[in-house]
Amino acid sequence: MTQNGLFKAALLGVALAFSATAGPAVSETLQVMRGAPAQALNVPMSRAVVVEADTPFGVVSIADPNIADIQTLSERTIYVLGKLPGRTTLTLLTPDGQLITNVEVHVTPDIAEFKERLEQILPGEDIEVRTANDGIVLSGTVSSIARLDRALELANRYAPERVSNLMTVGGTQQVMLRVRFAEMQRSVSKSLSASLALGGDTLGGDLGLALGTGGTVTEGGQTAALAGNLPAANDNQGAMLFGFNAGSVEVGILLEALEQRGVVRFLAEPNLTALSGQEATFLAGGEYPVPIAQDADTITVEYKPFGIELRFIPRVIDGDLINLELMAKVSSLDPTNGFSQGGFSIDAFRTRETSTTVEMRDGESFAIAGLLSDDFVDLNGQVPWLGDIPVLGALFRSAEYSRQQTELVIIVTPHLVTPTRGEALALPTDRVRPPTERDLFLFGREAIDIAPAGGAGEVARQDFTGSYGYVMDE
């Protein structure tokens, strides 16, 4: 074997070694035109391409060896190995040093493997993969934001910080949140008190005595009781007064009793719609002015919102699975715990608030907050020693009993929604129109019921004369 043959065999061995480590080499025929640039040569990164020229060459060089490496296998065959993404130039010269042509070499990320992994991880997704310069371009339509994030994360493993996202998210991406606030307040209070008043002219002197815990223990109350009148200090709604004369002694007994019961129901049901990933807010109430002291003895006013507040951020994760970041608040003015100073009277706020993050599917409901409070107060008072006397001691004792119960539940239900035509929606005002002068003055009609056409008419024609709405059993 000649020396030239040994040199070519050695180059072939080196090329085969590179091919074993970098992946299989692809054979590509390059049309070489003397003195003119040839077509571009695309080489995947970390892979090799065998180029066969139709014109013999003597010298081969690469402009940037960091992007691509070359080995000559024969006078017509070149082994090109892609190393880093980028562009460089391959130059071919004749044995006497004349330029044959310049070949532009594009080294791009290996998207063949990336496409295989993308199909394995996200099967069925319509994602197109292309290369642009030294990066990857993703386009097409995916079914959810979560799958879009997975595709971008996988692409960054092959082209870090060189991924262009042109994908769009299909499916329904608008979420309507239905929130129900339900609160019940029950209160029961009872009180019972008694007092005894004595008066008259005994042994030539005046007698005046009032004992007990009721309304006759004051001088005015004693005088009114002995005169047969209820004391002015009595605040109870139930009072009984009776008296009698024992010789020259007048006796008055006052029994005061009160029992109060009350039930308060609070129900609100706000609905709010937002795009996936966007925040939506809702406020049904008002703003309360609060004075704020500033420097130089000046006062500014800051408005605090109160009422029903709702703020949420929906995220459609996959299919009909929805992630909800939610803040719900119910507040009202509380004058009993207010503050007064310097001519200003500021009411306090009674607030029930919750903030949470949950995941649920379309149409499912979740009770995100609940409050059950039970306050009990029992107070007894009596005149010392006299209140301990059997039977008669009841005239010198008082008892108060109070119990307050509060129950609050907040339930959320998300729905995936799409827009509809306006004719299919009904408003509360669609079924009523203002009366004419003839209807108002001659027939006494305050409003005229009408039935609009379309889907709104079907809703307007519903009969609400019977029981409807929500019924809460105690």
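Not measured: the values here are computed from a predicted model.
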*Asks:* Are Val316 and Val175 side-chain neighbours, meaning at least one heavy-atom pair lies under 4.5 Å?
*Replies:*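 Side chain of Val316 against side chain of Val175, heavy atoms only: contact under 4.5 Å found.
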
*Asks:* Where is the tightest heavy-atom contact between Gln185 and Glu183, given as atom of each residue plus distance?
*Replies:*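 Closest approach of Gln185 to Glu183, heavy atoms only: NE2-OE2, 3.0 Å.
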
*Asks:* Taking 4.0 angstrom as the limit, do Glu309 and Arg311 come out as a salt bridge?
*Replies:*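 Salt bridge between Glu309 and Arg311, a charged N being under 4.0 Å from a carboxylate O: no.
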
*Asks:* Other residues, nucleotides and ligands only: do more than 12 of their heavy atoms fall within 6.0 Å of CZ on Phe282?
*Replies:*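 More than 12 within 6.0 Å, yes.
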
*Asks:* Thinking salt bridges, do Asp69 and Lys83 make one under a 4.0 Å N-O criterion?
*Replies:*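 Salt bridge flag = no for Lys83 with Asp69.
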
*Asks:* Are more than 12 heavy atoms, taken from residues, nucleotides or ligands other than Glu437, located less than 6.0 Å from that residue's CD atom?
*Replies:*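 Counting neighbours around CD of Glu437, 12 or fewer heavy atoms of other residues, nucleotides or ligands fall under 6.0 Å, so no.
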
*Asks:* Check the pair Lys115, Glu119 against salt bridge (charged side-chain N to carboxylate O under 4.0 Å, His left out), reporting the backbone distance first and the verdict last.
*Replies:* CA-CA 6 Å; Lys115 288 181 178 180; Glu119 182 64 26; over 6 Å; no

*Asks:* Quick one: closest heavy-atom pair of Pro56 and Ile100, and the distance?
*Replies:*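 Closest approach of Pro56 to Ile100, heavy atoms only: O-CD1, 3.6 Å.
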
*Asks:* Mark yes when over 12 heavy atoms from residues, nucleotides or ligands other than Tyr303 sit less than 6.0 Å from its OH; otherwise mark no.
*Replies:*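 At most 12 heavy atoms, drawn from other residues, nucleotides or ligands, come within 6.0 Å of this atom.
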
*Asks:* Is there side-chain contact between Leu90 and Val60, with heavy atoms separated by less than 4.5 Å?
*Replies:*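 Result yes, sub-4.5 Å side-chain heavy-atom pair found.
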
*Asks:* As an exercise, state the distance from CG of Leu321 to CG of Asp362, rounded to the nearest 0.5 Å.
*Replies:*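 Here the interatomic distance stands at 10.5 Å.
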
*Asks:* Return yes if some donor-acceptor pair links the side-chain N/O of Ser331 with the main-chain N/O of Gly307 below 3.5 Å, else return no.
*Replies:*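 Yes.
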
*Asks:* Find out whether Asp320 and Leu416 are in side-chain contact, i.e. whether some heavy atom of one side chain is under 4.5 Å from a heavy atom of the other.
*Replies:*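 The answer is yes; the side chains approach within 4.5 Å.
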
*Asks:* Taking NZ, NE, NH1 and NH2 as the nitrogens, is one of them in Glu125 or Arg147 under 4.0 Å from a carboxylate oxygen of the other?
*Replies:*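 Result for this pair is yes, salt bridge flagged.
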
*Asks:* Show your reasoning for whether side-chain hydrogen bond (donor to acceptor under 3.5 Å, both in side chains) applies to Thr300 and Gln294.
*Replies:* CA-CA 7 Å; Thr300 61; Gln294 303 292 337; 3.1 Å; yes

*Asks:* Taking all atoms of both residues into account, what is the closest heavy-atom pair of Met167 and Leu148, and its distance?
*Replies:*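 Answer, listing the atom of Met167 first, then Leu148: CE-CG, 3.8 Å.
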
*Asks:* Would you name the heavy atoms of Pro414 and Ile322 that are closest together and state the gap between them?
*Replies:*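 Shortest heavy-atom contact: CB-CD1, 3.9 Å.
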
*Asks:* Does Arg178 come within less than 4.0 Å of Glu269, counting only side-chain N to carboxylate O?
*Replies:*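 Glu269 and Arg178: salt-bridged.
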
*Asks:* If the plane angle is over 60° it's perpendicular, under 30° parallel, otherwise tilted; pick one for Phe306 and Phe349.
*Replies:*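 Because their plane-to-plane angle lies in the 30° to 60° range, the rings of Phe306 and Phe349 count as tilted.
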
*Asks:* Less than 4.5 Å apart, side chain to side chain, heavy atoms only: is that true for Glu279 and Phe312?
*Replies:*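 When only atoms from C-beta onward are counted, Phe312 and Glu279 do not touch, as no gap falls below 4.5 Å.
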
*Asks:* Give me the atom names and distance for the closest heavy-atom approach of Phe181 to Val330.
*Replies:*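 Between these two residues, the closest heavy atoms are CD2-CG2, 3.3 Å.
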
*Asks:* Check whether any side-chain heavy atom of Val358 lies under 4.5 Å from a side-chain heavy atom of Asn323, and answer yes or no.
*Replies:*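 Counting from C-beta outward, Val358 and Asn323 never come under 4.5 Å.
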
*Asks:* I want to check something: taking the side chain as every heavy atom from C-beta on, are Arg117 and Tyr158 in contact at a cut-off of under 4.5 Å?
*Replies:*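 Sidechains of Tyr158 and Arg117: in contact.
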
*Asks:* Show your working on side-chain hydrogen bond (donor to acceptor under 3.5 Å, both in side chains) between Ser402 and Ser189 and close with a plain yes or no.
*Replies:* CA-CA 4 Å; Ser402 176; Ser189 63; 5.5 Å; no

*Asks:* Please report the C-alpha distance between Thr413 and Leu177 in whole Å, then the side-chain angles of each, then the deciding distance to 0.1 Å, and finally whether the side chain to side chain contact (heavy atoms under 4.5 Å, CB included) criterion is met.
*Replies:* CA-CA 6 Å; Thr413 306; Leu177 185 65; over 6 Å; no

